[in-house]
Amino acid sequence: MLTIKRIEAIAVSLPMAKPMKMAGVEIRAADNLLVRVEASDGTVGWGEAASAPHMTGETVESMVAAVRYLVPALEGRALADLHAITEHWTFALYGNHAAKSAVEMALQDITAKVAGVPAWQLFGAQRRDRMAVLWLIGTGSTNGDVAEARARKAAGFVAYKIKVGTGEAVEDARRSAAICDVLGPGNLISSDANQGYTVEQALAYVDVVKNAALDFFEQPVRSKDLAGMAQVAAASRILIGADEGLHGLDDIQRHHDMKAASGVSLKTIKLGGMREVFDAGVLCAQLRLRVNLANKVAESSIGIAGVLHLAAALPGLDWGLSITNQYLADDIVARPIRVVEGHAEVPGGIGLGVEVDEAKVARYRREL
Ligand SMILES: [Mg+2]
């Protein structure tokens, strides 16, 4: 019987290629948790979770502490008991979804490696193997954003997310419309306020962009304000998406029932693991909600691989894929996942399909 021999929580700080501005935060380095799990036969699996305190309530320090709290109940358990393990930690430790997601990803990686299959096969059939990737536009100025849009379009990108909620709503809306005009038809274009607006500001924004080629507008107002989300959605010609408001399948159902969103952004750190994200994707298909699948800004190729395997298997992916190692100055695997002409492919091989460079992990490791 294969068992979990050792679980290690590793804090890393990965350098960004350049700072990324979004509402309420400027990201200069990716402070992430890596989890390394070793099975009794020596097989090693890896998982990753970005710290996003405003989204999950977790810091790198708290994630490391949460994993260490869970470890005694996990080491020595049979790998085949993955479902029972995650049932147990839901009961034993409230919340901490990002920390749990990194452990779960590592356990899925090992499970797939031991079975000799790619990770997507743990979830069902492969529905897609090459996906359009959203490029984030958030330089801090209209001119900078327009130039960035032109450059990325020339590089082959066909999907975008414009960061708004950082300035005045009408100005943000004019900037969004200008970017849509530059990109032209045939693209998936979204904007994301990261909860940065009041309901009044969000209403002003959707009014100005009503004739722009925006496919969806994400999390205009505070995560808990579902009535406000519904008010904006009712007034908007652009479809509204929920992101920070989702921490479990119940939240997805609630947004649907209150007409607070037409689609959702799914992340392993919010929902607690790859299995939860896949189950959320199934629920979204039943509720006819659009799906965007995303990493947090920014994650290494480990977290990216987790999301790519989910993208391969999810029932729907109408709102595209946001993968974020493209914003890092360096990566920690032997062959980083590349976005080529705006598209990414599901890694081949078994497990997550990435080979972690432990020397790189040591270089970016932070002792807490
Ligand atoms: Mg978002």
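Predicted, not measured: the structure shown is a model, and the values here were computed from it. Numbering starts at 1 and runs along the sequence shown.
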Can you tell which of Asn143, Thr142, Asp145 makes a side-chain hydrogen bond (donor to acceptor under 3.5 Å, both in side chains) with Arg175?
-> Asp145
Using the rule that two of Ile, Leu, Val, Met, Phe, Trp, Tyr join whenever any of their side-chain heavy atoms come within less than 4.5 Å, decide whether [X] and [Y] are in one cluster.
| X | Y | result |
| --- | --- | --- |
| Met55 | Trp319 | no |
| Ile7 | Leu352 | no |
| Leu107 | Val356 | no |
| Trp89 | Met105 | no |
| Leu82 | Leu93 | yes |

Does a donor on one side chain sit under 3.5 Å from an acceptor on the other, for [X] and [Y]?
| X | Y | result |
| --- | --- | --- |
| Thr324 | Asn295 | no |
| Tyr364 | Asp330 | yes |
| Tyr160 | Ser191 | no |
| Ser301 | Asp331 | yes |
| Asn194 | Lys163 | yes |

Backbone N/O of [Y] and side chain of [X]: donor-acceptor pair under 3.5 Å:
| X | Y | value |
| --- | --- | --- |
| Gln219 | Gly245 | yes |
| Asn187 | Gly184 | yes |
| His247 | Glu244 | yes |

Heavy-atom side-chain proximity of [X] to [Y] below 4.5 angstrom:
| X | Y | value |
| --- | --- | --- |
| Ile302 | Ile332 | yes |
| Arg128 | Leu317 | yes |
| Arg290 | Leu239 | yes |
| Val277 | Lys267 | no |
| Gln253 | Leu287 | yes |

Non-hydrogen atoms of [X] and [Y] that approach each other most closely:
| X | Y | result |
| --- | --- | --- |
| Val209 | Ala173 | CG1-O, 3.5 Å |
| Leu321 | Met131 | CD2-CB, 3.7 Å |
| Ile240 | Ala260 | CG2-O, 3.9 Å |
| Ala106 | Val37 | CB-CG2, 3.6 Å |
| Ser101 | Ala49 | OG-CB, 3.9 Å |
| Gly45 | Asp109 | CA-OD2, 3.3 Å |

How long is the span from the [atom1] atom in [X] to the [atom2] atom in [Y], to the nearest 0.5 Å?
| X | Y | atom1 | atom2 | answer |
| --- | --- | --- | --- | --- |
| Leu79 | Ser40 | CG | OG | 7.0 Å |
| Asp318 | Leu293 | CG | CG | 12.0 Å |
| Leu226 | Gln231 | CG | CD | 12.5 Å |
| Ser236 | Leu203 | OG | CG | 9.0 Å |
| Ile85 | His83 | CD1 | NE2 | 11.0 Å |

Does atom [atom1] ([X]) have a neighbourhood of more than 12 heavy atoms from anything else shown, all under 6.0 Å?
| X | atom1 | result |
| --- | --- | --- |
| Arg237 | CZ | yes |
| Lys5 | NZ | no |
| Arg366 | CZ | yes |
| Arg365 | CZ | yes |

Can you list every side chain to side chain donor-acceptor pair (under 3.5 Å) pair that touches residues 45-57, not counting sequence neighbours?
-> Asn32-Glu48, Glu48-Ser300, Thr56-Glu58
Salt bridge [X]-[Y], side-chain N to carboxylate O under 4.0 Å:
| X | Y | result |
| --- | --- | --- |
| Lys270 | Asp251 | no |
| Glu358 | Arg36 | yes |
| Arg338 | Glu345 | no |

With side chain to side chain donor-acceptor pair (under 3.5 Å) as the test, would you mind laying out the steps for Tyr197 and Asp172 before giving the verdict?
-> CA-CA 11 Å; Tyr197 293 147; Asp172 278 350; 2.5 Å; yes
Should the ring pair Tyr327 and Trp135 be called parallel, tilted or perpendicular, given that the plane angle runs from 0 to 90° and is split at 30 and 60?
->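 Ring orientation, 0 to 90° scale: tilted.
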